[in-house]
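Just so you know, these numbers use all the heavy atoms, side chains as well, and skip hydrogens, waters and symmetry mates. This structure is a prediction, so every number in the text was calculated from the model and none was measured.
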Protein chains: 4
Amino acid sequence: MSESEDSRQTGPRTRGRPRNADADAAILSATRDLLAERGWPDLTIAEVAARAGVAKTTLYRRWPGKADLVVDAMAELFSHLEVLDRGSMLQDALATVGQYVELLQLPETQAALLALSAEADRDASLRAKVIDKVIDPQRHLVYEAWERACARGEVEGETDIDLIFDMICGTLVHRILIKGQPVDQEYLTRFVSVVLAGLAQLRLAGGI
Amino acid sequence: MSESEDSRQTGPRTRGRPRNADADAAILSATRDLLAERGWPDLTIAEVAARAGVAKTTLYRRWPGKADLVVDAMAELFSHLEVLDRGSMLQDALATVGQYVELLQLPETQAALLALSAEADRDASLRAKVIDKVIDPQRHLVYEAWERACARGEVEGETDIDLIFDMICGTLVHRILIKGQPVDQEYLTRFVSVVLAGLAQLRLAGGI
Amino acid sequence: MSESEDSRQTGPRTRGRPRNADADAAILSATRDLLAERGWPDLTIAEVAARAGVAKTTLYRRWPGKADLVVDAMAELFSHLEVLDRGSMLQDALATVGQYVELLQLPETQAALLALSAEADRDASLRAKVIDKVIDPQRHLVYEAWERACARGEVEGETDIDLIFDMICGTLVHRILIKGQPVDQEYLTRFVSVVLAGLAQLRLAGGI
Amino acid sequence: MSESEDSRQTGPRTRGRPRNADADAAILSATRDLLAERGWPDLTIAEVAARAGVAKTTLYRRWPGKADLVVDAMAELFSHLEVLDRGSMLQDALATVGQYVELLQLPETQAALLALSAEADRDASLRAKVIDKVIDPQRHLVYEAWERACARGEVEGETDIDLIFDMICGTLVHRILIKGQPVDQEYLTRFVSVVLAGLAQLRLAGGI
DNA sequence: CAGTAATCGAGACGGTACGTCGTGTCTTATA
DNA sequence: TATAAGACACGACGTACCGTCTCGATTACTG
């Protein structure tokens, strides 16, 4: 995630005026602000540039378009999650999923996440970027939580990380982003315990 | 749900030339076709009108914009689901969820569903339409499946329909629409059994 | 001018519901009012109909379009001029031209006369209507004034009515409608006396 | 008059990409061509842009609308008149007025001049542009012709330039543009001699 | 320390879709 | 048959955003 675009890792850049190092951060920050203020459809490249104090040219030199820009802006937001150690698998899960819920409830996330996925429908390379930079980095959280529970002796063996991941993210996306409903503590607790119960079942049955 | 816009149920219409009754169906059908062919961002009102053999004006007289039009087009697609009776709760669920998966895998659904939800982010009235016409009509499937299982004696009491609904729809949306991955028979079976296991847990614990 | 359109003199109309006799006057009056209020480009058939308390259909059954409607509306305005007898050729001319000036200064005339002539550029039948119904009816004023002057013995023989007519109408149209300047008493007196002087020259030289 | 719009004389232009210098001429030329081909009502901005090989945006960046565009297109046409020296006041006048007649008989002029004046009825700023750029530049012709005649000793003192100007332009506009009749050599000669006779009268009477 | 090369701000450009408006025609029920 | 009401096909409007381009000006590294 430190390289926000492919065109930027071309080795030790030498000739010519170097790029303004502050611009990237200003642009991504402006992008998030405007996503929160205006929503995806009314987010214009020109306004992002203006807000960041940068020319449109500069922005287009670094990102090919609105979608790629927003991917990187969201990636920064989603790069700070980690599995919290709360002593038990249930508590770990509650705390970690809670962090994820908070992210989903940010206005910039609400504006961007579904829009990006929608845009990615006909654009395989965009879909790859969304998955690589925003979605998949969260998958390791499930893995780590499972490993920690194993280390504690709460569970053993392997499980279906992908399925669990889809269930957690998907359910919350459906609740928060698609239906626009809040996730309170009770809903969260109930949800996590259902998932953990199912997860146990998964292990017992050995994939049915 | 058969009324595609509020302005159309105004009692015993008398004055003036009546609206062309065929146009609605032609427009919605053209909308779905073009969604599948071009995707959401390249779906233009002008082309829908042309494909439906209708003037742009006529289309705007019936729907305020692209999003509202697509809501109704999708609503028709999603109005044919029902709970299949396969003899057991597990088999009922597999068959019914399988129908839903097929809908999610249609190119028109892939083009439209997330785009609509994204567009609805800042537009409460659009969100309400999406939920009322596309999302919520599927919720009764969960209810009916549960009732049938009760009647068979497989389960008893009540359960958290909303949570189960979010889990089923959300997981599949995440898998199919967001990550763009296929749902095969194995994934489906595994998923459904995890949900049913969790559901049993939900009943036992009495909401934790 | 009593028959405002060709489609209306079809003999002794018999079958079916007869046309509303008041509608013509109401429509022409509404047309003049709206010309004065909104100007030619913003005059819409729909609004004329509404103002006249009539359906668009009714209007289109009587006039083929906006231009023809306005021709008749203007024709009524221009149908009341006559040569005033003020005792001398100069005074007759001043009084009669003064009437014409007043017509040109009406807002409805300002809105309509040049617009009609412009519209007539590519439409020979419209040009014929404008000339027959609005322009040429005034030409006889020149003829009558000349005849009266002859009868008084102020002048004798013939003159070039067409040229004099073009000069009088044209000069005032240029001043009032094209340049938008007022015609005061001094300008009018000076103008008429120049024309009369030229007219004398015309007679003397016998066409140069 | 060479500057087609006020927004274009902004001193030593520096910042940003400069405007395409050829575009103005191409647009104005396309405008005249299409005026001649289609007439004013069927002249569309989109077609002018296409014909000039320019985007609609570019055209709107330079002119606020159809009328302003046509004013400049006509201004170019009317900017080439001059008083010809034919040895006598009468011959000078015949030659110069003859040039003007030729301009009025061009199809682009027939399409545009009255339409512009009509459009200017409710738009003071447009009226000012029409007068400043198309009408008034011809007024000096009358002045120069008079001065030359004075220098020759044919006439002396001052005269009412405005009135003479209205009479010349107005009469020909009425004949050619409003009535759509041709101006042949005989009409022209007769007309000019009447005006000159009246002009002499004007001088003698000292304004009546 | 001049030359080269890439960056930057600014804004014009070609293109495309938008949603609105006016036209003149039509289709209904009613008079 | 005329009427009021209003839907209809059509086509132009003027606006907005996109992503590209062309400028002059700046800012480093290079030879």
Side-chain angles (χ1 to χ4, degrees), chain A residues 10 12-21 23 41-50 53-66, chain B residues 12-21 23 41-47 49-50 53-66, chain C residues 13-21 23 41-50 53-67, chain D residues 12-21 23 41-47 49-50 52-66:
Chain A
T10 29
R13 182 175 305 284
T14 49
R15 306 282 269 268
R17 174 175 175 175
R19 287 188 176 169
N20 182 339
D42 294 338
L43 177 77
T44 72
I45 296 283
E47 199 177 10
V48 171
V54 143
K56 249 196 331 170
T57 327
T58 300
L59 204 154
Y60 275 109
R61 202 174 287 115
R62 302 176 188 214
W63 288 276
K66 177 165 151 176
Chain B
R13 175 173 305 287
T14 47
R15 306 281 264 264
R17 176 176 175 174
R19 289 193 174 169
N20 181 338
D42 295 337
L43 178 77
T44 71
I45 297 281
E47 198 176 10
V54 142
K56 235 184 356 159
T57 326
T58 297
L59 208 154
Y60 276 110
R61 199 174 293 114
R62 301 177 185 217
W63 288 277
K66 180 164 146 175
Chain C
R13 182 175 305 285
T14 49
R15 306 280 272 269
R17 174 173 172 176
R19 285 190 177 170
N20 180 340
D42 294 338
L43 177 79
T44 71
I45 295 282
E47 198 177 10
V48 171
V54 142
K56 254 199 323 172
T57 326
T58 300
L59 204 155
Y60 273 110
R61 201 173 291 115
R62 303 177 186 214
W63 288 276
K66 177 166 151 175
Chain D
R13 175 173 303 287
T14 49
R15 306 281 264 267
R17 176 176 175 174
R19 289 193 175 168
N20 181 340
D42 294 338
L43 177 77
T44 71
I45 296 281
E47 198 177 10
V54 141
K56 234 185 357 161
T57 327
T58 298
L59 208 153
Y60 275 110
R61 199 175 291 115
R62 301 177 186 216
W63 288 276
K66 181 164 147 176

Task: Which residue lies more 5' along DNA chain F, comparing Thr58(C) with Ala21(B) via nearest heavy atoms - done: Thr58(C)

Task: Heavy-atom pair with the smallest gap, counting every atom of Leu59(A) and Val48(A) - done: CD1-CG1, 3.7 Å

Open item on the list: Rounded to whole Å, how long is the line connecting atom CH2 of Trp63(D) with atom C1' of dG14(F)?
Closed with: 17 Å

Task: Side-chain N,O (Arg61(C)) to OP1/OP2 (dA4(F)) below 4.0 Å - done: no

TODO: Return the nearest nucleotide to the side chain of Ala55(D); candidates are dA4(F), dG15(E), dA28(F).
DONE: dG15(E)

Open item on the list: If the helix axis at each end comes from five base pairs, how far does the helix from dC1(E)-dG31(F) to dA31(E)-dT1(F) deviate from straight, to 10°?
Closed with: 10°

Task: Lys56(C) (side chain) donor-acceptor with Ala49(C) (main chain) under 3.5 angstrom - done: no

Task: Atom-pair distance (CG on Asn20(D); P on dC13(E)), nearest Å - done: 6 Å

Open item on the list: Within the 4.5 Å heavy-atom criterion, are Glu47(A) and Leu43(A) side-chain neighbours or not?
Closed with: no

TODO: Please examine the side chains of Arg62(B) and Asn20(B), heavy atoms only from C-beta on, and report whether any two atoms are closer than 4.5 Å.
DONE: yes

TODO: To the nearest Å, give me how far apart CZ (Arg19(B)) and C1' (dA5(F)) are.
DONE: 13 Å

Open item on the list: Counting C-beta onward and ignoring hydrogens, is there a side-chain heavy-atom pair between Ile45(C) and Trp63(C) closer than 4.5 Å?
Closed with: no

TODO: Round to the nearest Å and state the distance from Leu59(B) atom CG to dC18(E) atom P.
DONE: 10 Å

TODO: Summarise how protein sits on nucleotides 19-26 of chain E as a single string, 5' to 3': B when a protein heavy atom is under 4.0 Å from the base, S for sugar-phosphate-only contact, - for no contact.
DONE: BBBSSBBB

